[in-house]
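Since the structure comes first, as C-alpha cells, the remarks are kept for the end.
It should be emphasised that the depicted structure is a prediction, and the values quoted were computed from it without experimental measurement.
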Amino acid sequence: MIEAGPLRVSPGWWRDVDEVVHDGEEVTESVPCTREEHLEEIRRLLSAAFEVPRFDTLDYLRWYYTQCPFGETFSTLTRRRSEAISHLAGSPRRLRTVDGTVDMWLIANVGSIPGARREGAFLRMCMQAWLMIEGFDQAGIYGVMNDQSRQALEAFGVVTEAELPTKVLGPTPWTKARFSHHTVDRALLESDRLGELLADTDLAPRRGVRLWWHLDVLRWRLASPLSTYTLHVADDMVAVSTTTTWRGVRVAVLMKVLVRGERRRADGLRKAWFTPAMVGEVCAHHRTPLALYVGMNSDVRVFGALVPQRYLPSPLHLCFKAVPRRIGTSDLRFDSFELLDFDVL
C-alpha cells in the first residue's frame, strides 16, 4: 500500500501571514477558499479571463482549492477600487527527493480580467504574492507556463526546468494483452481495491524531485470533476488515461505511467518501455485512433512522434522559483512530470 503522510499546511494558514499588500489603488490579499463567497468571486474572475467550461460552476474550484490532501490552497486576489482584476492560486505539494521530501506550492489559475492584462497587473500580483509565500515553510513554487507567462516572469527569477514535449502515440496490434482496464468511479475511489491496483508504484526519484504519489493524493487527483479516468493495470506498471478532442478528433490521453518498484529494481538504470502495442491496448479500450502524451518520465520511455509547435497553441514550460535559504536551484530538478501532475485534464 502507498503510505499517506501528514498534512503540512493546516486550515487557517491565511491567518498567520501578512494578508494584505498595497500598491497605489491596487490591493493584493490572501483569501480563504473555504468561504463560498470568495470561491464565487474567483470563479467569476477566471471565467472572464479564460472562458473555459471548468469555471462555469464551482465544482472544479471546490475540488482543487479545498480538498487537496496536502492542505488548503493559497489564494490571492488583486482588487482595484474594490473590483477583482487578478488571481493566483498555489496548491501545497510534497515532492519526494532521493532520500526525503521537500514541500512546495504548485501555482495554477493565474489570470487577469481582459481590461487589466496590458497594465502589468499580472507581474505585480506575482511579486506581491511571492512576498506572502516567503513567509511560509515551503521551499518555493513551481508550475506550468506558456511562452508569454514564462517570458514575463524570467526577470522575476523564475527558472525554466524543461519544455514539456507533446507526442502523438500510434497504436499497433498486440498478440497478448498486458493490461486489465478499470474505470475510475466513486466505488473504486472509496474501496481498498484502488490501493491494491496501485501497490508499489510510489517510488523515489532517480535524481532530483518528483511528486509524492501516496494513495490519498492519487485518490484525490483521480476524483477530479474535469475528466473520467481509466487505470490500465499490468504486473509491472500502471497507466492512467482519459480522452479528449484534439484537432476535431477524439483521442486517448496518456496522463501518467507508474512503474512498480520490482520492475525498476530489475531494470536498474534502464527505462521500461511503453510500447506501441501497449498504446494499442489503451486506444482499443477507448475506441480511439491514436493517443497523446505530454511530459517526461525517468522510469519509462514512451514511444511516439513529437508534435510540431505549429500544431500547438503554445509550448508548455515546467518552471520553478526556489527560496534560496531553503533549497538550492541545482537541487530542484524534476525527473518526472506528466499531465496527471497538474490539473489540465
Side-chain angles (χ1 to χ4, degrees), residues 1-2 165-203 206 210-211 213-215 217-224 226-246 249-268 270-305 336-341 344-345:
M1 293 286 286
I2 301 172
T166 299
K167 295 180 180 180
V168 173
L169 312 181
T172 62
W174 64 93
T175 56
K176 182 179 180 182
R178 288 276 318 263
F179 296 116
S180 61
H181 310 283
H182 307 265
T183 300
V184 177
D185 55 18
R186 177 175 292 185
L188 179 60
L189 290 173
E190 294 177 352
S191 72
D192 294 336
R193 178 65 173 154
L194 184 66
E196 296 169 1
L197 296 174
L198 293 164
D200 196 27
T201 59
D202 179 24
L203 307 181
R206 294 174 182 264
R210 68 172 61 171
L211 185 62
W213 284 110
H214 71 64
L215 185 57
V217 176
L218 279 162
R219 211 184 289 275
W220 167 77
R221 181 62 183 87
L222 294 172
S224 166
L226 298 179
S227 296
T228 298
Y229 304 102
T230 300
L231 299 182
H232 309 276
V233 180
D235 290 340
D236 57 350
M237 68 175 65
V238 179
V240 182
S241 73
T242 187
T243 60
T244 192
T245 300
W246 182 63
V249 178
R250 183 173 175 270
V251 298
V253 182
L254 192 61
M255 300 286 294
K256 189 77 184 173
V257 183
L258 298 164
V259 173
R260 300 194 196 275
E262 184 176 352
R263 171 65 185 269
R264 195 169 83 169
R265 288 188 291 272
D267 287 343
R270 295 174 301 169
K271 289 187 176 185
W273 289 10
F274 201 90
T275 65
M278 297 177 189
V279 174
E281 287 193 62
V282 173
C283 289
H285 174 79
H286 289 297
R287 299 183 180 181
T288 61
L290 52 85
L292 294 178
Y293 174 77
V294 179
M296 56 189 185
N297 190 322
S298 69
D299 293 329
V300 181
R301 188 180 308 250
V302 179
F303 289 90
S336 297
F337 194 89
E338 297 160 291
L339 288 175
L340 203 69
D341 289 68
V344 66
L345 285 173

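- Put simply, the side chain of V302 does not reach to within 4.5 Å of the side chain of N297, judged on heavy atoms.
- Between E262 and R265 no salt bridge is recorded (no basic side-chain N to carboxylate O distance below 4.0 Å).
- With rounding to the nearest 0.5 Å, the separation of CG in D299 from CG in D267 is 9.0 Å.
- With rounding to the nearest 0.5 Å, the separation of NE2 in H181 from CG in L231 is 11.5 Å.
- Of the possible donor and acceptor atoms, none in the side chain of R221 sits under 3.5 Å from a partner among the backbone N and O of D341.
- Separating the OG1 atom in T288 from the CZ atom in R250 is a distance of 6.5 Å, to the nearest 0.5 Å.
- Residues forming a side-chain hydrogen bond (donor to acceptor under 3.5 Å, both in side chains) with D236 (at least two apart in sequence, or on another chain): R178, R263.
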Side-chain polar contacts of residues 237-246 - donor-acceptor pairs under 3.5 angstrom, sequence neighbours left out - could you list them?
{"residue": "S241", "atom": "OG", "partner": "H232", "partner atom": "NE2", "Å": "2.6"}
{"residue": "S241", "atom": "OG", "partner": "H286", "partner atom": "NE2", "Å": "2.7"}
{"residue": "T242", "atom": "OG1", "partner": "T228", "partner atom": "O", "Å": "2.9"}

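- For R260 (side chain) and A234 (main-chain N/O), a donor-acceptor pair under 3.5 Å exists by modelled atom type.
- Contact check for V184 versus L189: side-chain heavy atoms found under the 4.5 Å cut-off.
- Annotation: side chain of D202 is not in contact with side chain of V217 (no heavy-atom distance under 4.5 Å).
- The minimum heavy-atom distance linking A252 with V282 is given by the pair CB-CG1, 4.2 Å.
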Could you check W213 against K256 for side-chain contact (heavy atoms from CB on, under 4.5 Å), going step by step and ending with a plain yes or no? CA-CA 11 Å; W213 284 110; K256 189 77 184 173; 3.5 Å; yes
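- Rounding to the nearest 0.5 Å gives a distance of 8.0 Å between OG1 of T275 and CZ of F303.
- To the nearest 0.5 Å, the span separating NE2 on H285 from OG1 on T230 amounts to 3.5 Å.
- Side-chain atoms of S224 come within 3.5 Å of backbone atoms of L226 as a donor-acceptor pair (strictly under, hydrogens ignored).
- For the atom pair L254 CG and L292 CG, the distance stands at 10.0 Å (nearest 0.5 Å).
- In this structure the side chain of L340 reaches within 4.5 angstrom of the side chain of L218, judged on heavy atoms.
- A distance-only check finds no donor-acceptor pair linking the side chain of E281 to the backbone of W174 [under 3.5 Å].
- Looking only at side-chain heavy atoms (C-beta outward), L197 and L188 come within less than 4.5 Å of each other.
- At least one side-chain heavy atom of S298 sits less than 4.5 Å from a side-chain heavy atom of R210.
- You'll find the side chain of Y293 stays beyond 4.5 Å of the side chain of V279, heavy atoms only.
- With hydrogens and angles disregarded, a donor-acceptor distance shorter than 3.5 Å links the side chain of T172 to the backbone of A277.
- Between the side chain of D200 and the backbone N or O of G261 there is at least one donor-acceptor pair closer than 3.5 Å.
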